[in-house]
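Before any comments, here is the structure.
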Amino acid sequence: MEAKFFRFLKIVGVGFRARTEVEGRQLFLKLGYSHEIEFAVPPAVRVFCFKPNIICCTGIDKQRVHQFAGAVRSCKPPEVYKGKGILYIDEVVKKKQGKKSK
């Protein structure tokens, strides 16, 4: 299988991590919820975790790779106040200023 398309995701946040099992066929995410989120990876996509906070989605079908990466990102999209969440590696999150105290 020749892997052509890649999508890298970065997990930002204390205690947030990812791991893969069954040769990149299952993805488990710990994102600060009370449970672990489990993803079954579609057949056209492979998933690797280089570090606990870097996920690589790869495959020959661009649409399926990007769709899966989008589904993973939608679990915890980056939030604008602290910048935590799952973001694409080349994505820049514009941070907002919090409430001003008097």
I'd like to check Phe6 versus Cys57 (side-chain heavy atoms, cut-off strictly below 4.5 Å). Are they in contact? no

How close do Leu29 and Phe39 get, counting heavy atoms only, and between which atoms? CD1-CE1, 3.9 Å

If I take atom CZ from residue Arg7 and atom CD from residue Gln67, how far apart are they, to the nearest 0.5 angstrom? 13.0 Å

Could you state whether Leu87 and Ile89 fall into the same hydrophobic cluster, counting links through intermediate Ile, Leu, Val, Met, Phe, Trp or Tyr residues with side-chain heavy atoms under 4.5 angstrom apart? no

Applying the 4.5 Å side-chain criterion to the ILVMFWY set and letting contacts propagate, would Ile86 and Tyr33 be lumped into a single cluster? yes

Is there a side chain to side chain contact (heavy atoms under 4.5 Å, CB included) between Val41 and Phe68? Walk through the geometry before answering. CA-CA 8 Å; Val41 182; Phe68 180 73; 3.9 Å; yes

Go through the steps for Leu31 and Ile37 under the test side chain to side chain contact (heavy atoms under 4.5 Å, CB included), then give the verdict. CA-CA 8 Å; Leu31 297 173; Ile37 298 166; 3.8 Å; yes

Flag side-chain contact, heavy atom, 4.5 Å: Val47 against Val72: no

Taking all atoms of both residues into account, what is the closest heavy-atom pair of Ala18 and Leu27, and its distance? CB-CD1, 4.3 Å

What heavy-atom pair brings Pro77 and Ser74 nearest, and what distance separates the two atoms? CD-O, 3.6 Å

At what distance, to the nearest 0.5 angstrom, does OG1 of Thr58 lie from NZ of Lys4? 11.5 Å

Say you draw a straight line from CD1 of Ile11 to SG of Cys49; how long is it, rounded to the nearest 0.5 Å? 7.0 Å

Where is the tightest heavy-atom contact between Phe16 and Gly32, given as atom of each residue plus distance? CE1-N, 3.8 Å

Sub-4.5 Å side-chain heavy-atom contact between Thr20 and Ile55: no

Would you compute the distance between atom SG of Cys56 and atom CZ of Phe8 and round it to the nearest 0.5 angstrom? 4.0 Å

Within one Ile-Leu-Val-Met-Phe-Trp-Tyr cluster: Phe28 and Ile54, side-chain cutoff 4.5 Å: no

Nearest atoms (heavy-atom pairs only) where Arg25 meets Pro43: NH2-O, 3.6 Å

Could you measure the distance from the CG atom of Asp61 to the NE2 atom of His66? Nearest 0.5 Å is fine. 10.0 Å

Students should find that the hydrophobic cluster of Val80, defined by side-chain heavy atoms under 4.5 Å apart, otherwise consists of Tyr81

Rounded to the nearest 0.5 Å, the NZ atom of Lys30 sits from the CD atom of Glu36 at a distance of 5.5 Å

Taking side chain as C-beta onward, heavy atoms only, is Glu23 less than 4.5 Å from Arg46? yes

Any side-chain heavy atom of Tyr88 sitting closer than 4.5 Å to one from Lys10? no

Kindly state each residue pair satisfying salt bridge (Lys or Arg N to Asp or Glu O under 4.0 Å) with at least one member in residues 89-99, sequence neighbours excluded. Arg73-Glu91

